Amino acid sequence: MERWITLWQSTALAAFTWQQAVMMLVGALLLYLAIRKKFEPLLLLPIGFGAILANIPLAGFTEPGGILYYIYVVGIDTGVFPLLIFMGVGAMTDFGPLLANPRTLLLGAAAQFGIFATLFGAIALNAIPGFEFSMQDAAAIAIIGGADGPTAIFLASRLSPELLGAIAVAAYSYMALVPIIQPPIMKLLTTQEERSVRMEQLRQVGRREKIVFPLAVLFLTLLFLPTATPLVGMFCLGNLMREAGVVERLSKTAQNELINIVTIFLGLAVGSKLSASEFLTVETLGILALGAVAFSIGTASGVLMAKLMARFSKTPINPLIGAAGVSAVPMAARVVNKVGLDANQSNFLLMHAMGPNVAGVLGSAVAAGILLALVG
Amino acid sequence: MQQQLSEAFTIMLTGMITVFVFLTLLLLAMGLLRRFAATDETAPAQAPPTKTQATDAQRVAAITAAVHAYRRDHQ
């Protein structure tokens with residue numbers, strides 16, 4: 001009889017808590033969203049699976065000795081994985097459209113208002129009983145508005161590791177929802193006439209310009225904002241490898257094999273943070289709500305900035321491209337293109353929107369550096 | 001609470017201003033960059049490859065011939 005009891009106690013059935021069961025369902029939901037709905041499947045699939053593994057009773061995946069524990073410690077605790085991803089993103093980014101129309105940098109800057117407004121919102125949420133966000137927590141949540149996965153994970157791992165799971169899930173879910181969240185806001189803030197504005201063809205950008213640009217970005221960052229150099233530095237390294245043209249092998253590796261390998265581990269490590277004790281709280285609901293607000297405000301401020309610029313500009317500017325200032329490359333730019341086509345069948349805004357789009361990546365990395373400097 | 005809110009507000013303000021100042025500096029730097037780096041690039045960039053429908057048709061013909069030859073040899 002005693003043996004039977006011992007055996008029973010070693011099964012998962014006896015040790016299951018309802019919280020773990022709920023978290024496994026959350027993991028299954030993420031898998032469903034990834035596989036059926038194709039929501040950022042590259043990340044949500046490993047995150048969802050990691051969430052299931054992390055909540056298996058008695059298996060100890062997330063305790064010292066468990067694989068997810070080590071993946072988390074090696075990759076996210078140290079900040080290495082998000083930075084490697086950022087290098088890959090740099091190697092995939094073409095700054096050409098931004099260099100051809102540098103003014104769109106300001107759109108990338110304006111859209112970061114979503115981040116800072118959300119920081120204020122997170123602190124304001126403390127008025128509701130049950131919420132107790134510190135300034136660090138608020139900053140980590142706010143960065144969801146940057147619409148940039150690796151930046152969000154990097155900042156959360158520095159400022160507020162216990163919220164990392166919820167923040168990463170919110171960031172990637174909303175990035176997948178960009179085509180649903182953005183268009184109503186864009187249409188609300190613009191008239192049919194503004195949406196159908198045609199923009200001038202972009203100029204050709206020389207190779208030397210593209211090579212010097214990442215170096216110039218790095219130089220400015222190290223002078224004025226050293227806390228942003230981990231992100232910006234890795235990004236610029238990736239971009240320089242791409243544009244230099246002499247290390248094609250490294251560039252290819254950074255944007256394919258390396259980023260793929262790191263993505264698997266990053267997803268698993270984020271999933272390991274989806275444990276019941278850290279995820280099943282009111283704060284998670286708050287984070288999900290704040291994330292949506294951050295996205296919406298970012299989109300709106302980008303569009304409004306573009307309208308402002310259009311008023312003072314000699315060349316025509318379609319205000320829709322401001323919405324691409326939240327990063328979410330290249331999804332946000334595609335959304336701009338689509339909304340533009342809806343208004344004017346022959347108006348292709350994709351390349352014009354890529355400028356603010358990559359400016360948004362720089363902008364959110366800069367914003368992350370500022371937040372690190374101010375509250376880190 | 002009140003104090004925290006006002007702190008959040010100052011962070012919002014300083015943060016937003018810093019983002020703008022930084023990216024404006026970058027904008028100025030890009031202006032300089034264009035002046036110094038873009039000069040020598042105009043010549044090669046202005047030589048578009050003469051791609052006509054005829055060459056496309058030739059290419060299609062060549063590919064078709066190759067496919068036929070391959071199928072013939074591998075039956």
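When reading the values below, keep in mind they use all heavy atoms of this one structure, side chains included, and skip hydrogens, waters and symmetry mates. These numbers come from a predicted model, not from an experiment. Below, chains carry the letters A, B, ... as their sequence lines are ordered, and counting in each starts from 1.
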- Check whether any side-chain heavy atom of B/I11 lies under 4.5 Å from a side-chain heavy atom of A/M135, and answer yes or no. yes
- Task: Side chain from CB out, backbone as N, CA, C, O: work out which of these in B/M16 comes under 4.5 Å of a heavy atom of chain A, or both, or neither.
- Result: both
- Looking at A/L220 and B/A29, what are the two nearest heavy atoms and their distance? CD1-CB, 4.2 Å
- Item | Minimal non-hydrogen separation, A/A109 against B/L23, with atom names |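 So the two residues come closest at CB-CD1, 3.4 Å.
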By a 4.5 Å heavy-atom criterion (distance strictly below it), what part of [X] contacts chain B: side chain, backbone, both, or neither?
X	result
A/A127	both
A/F133	backbone
A/L98	both
A/I115	neither
A/A139	neither

Could you give the distance from [atom1] ([X]) to [atom2] ([Y]), rounded to the nearest 0.5 Å?
X	Y	atom1	atom2	value
A/I123	B/E7	CD1	CD	7.5 Å
A/L374	B/M12	CG	CE	13.5 Å
A/I370	B/T18	CD1	OG1	4.5 Å
B/L33	A/R208	CG	CZ	10.0 Å

- From CA spacing to verdict: side-chain contact (heavy atoms from CB on, under 4.5 Å), A/L105, B/M30: CA-CA 10 Å; A/L105 260 181; B/M30 280 163 86; 3.6 Å; yes
- Task: Decide if atom CD of A/E248 counts as having more than 12 heavy atoms of other residues, nucleotides or ligands within a radius under 6.0 Å.
- Result: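 Check fails, neighbour count at 12 or below.
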- Is A/F131 atom CZ crowded by more than 12 heavy atoms from other residues, nucleotides or ligands, each under 6.0 Å away?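 Yes, CZ of A/F131 has more than 12 neighbouring heavy atoms, counting only those of other groups under 6.0 Å.
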- Query: Who pairs with B/T64 by side-chain hydrogen bond (donor to acceptor under 3.5 Å, both in side chains), at least two apart in sequence or on another chain?
  - Reply: none
- Message: Before you tell me yes or no, could you show the steps for B/L5 and A/F120 under side-chain contact (heavy atoms from CB on, under 4.5 Å), namely the whole-Å CA-CA distance, both residues' side-chain angles and the distance that decides it to 0.1 Å?
- Response: CA-CA 7 Å; B/L5 267 183; A/F120 187 73; 3.8 Å; yes
- Chi angles and distances behind the side-chain contact (heavy atoms from CB on, under 4.5 Å) call for B/F22, A/T221: CA-CA 8 Å; B/F22 186 84; A/T221 317; 3.6 Å; yes
- Task: Dump the intermediate steps for side-chain contact (heavy atoms from CB on, under 4.5 Å) on B/V19 and A/F113, then the final yes or no.
- Result: CA-CA 9 Å; B/V19 169; A/F113 184 61; over 6 Å; no
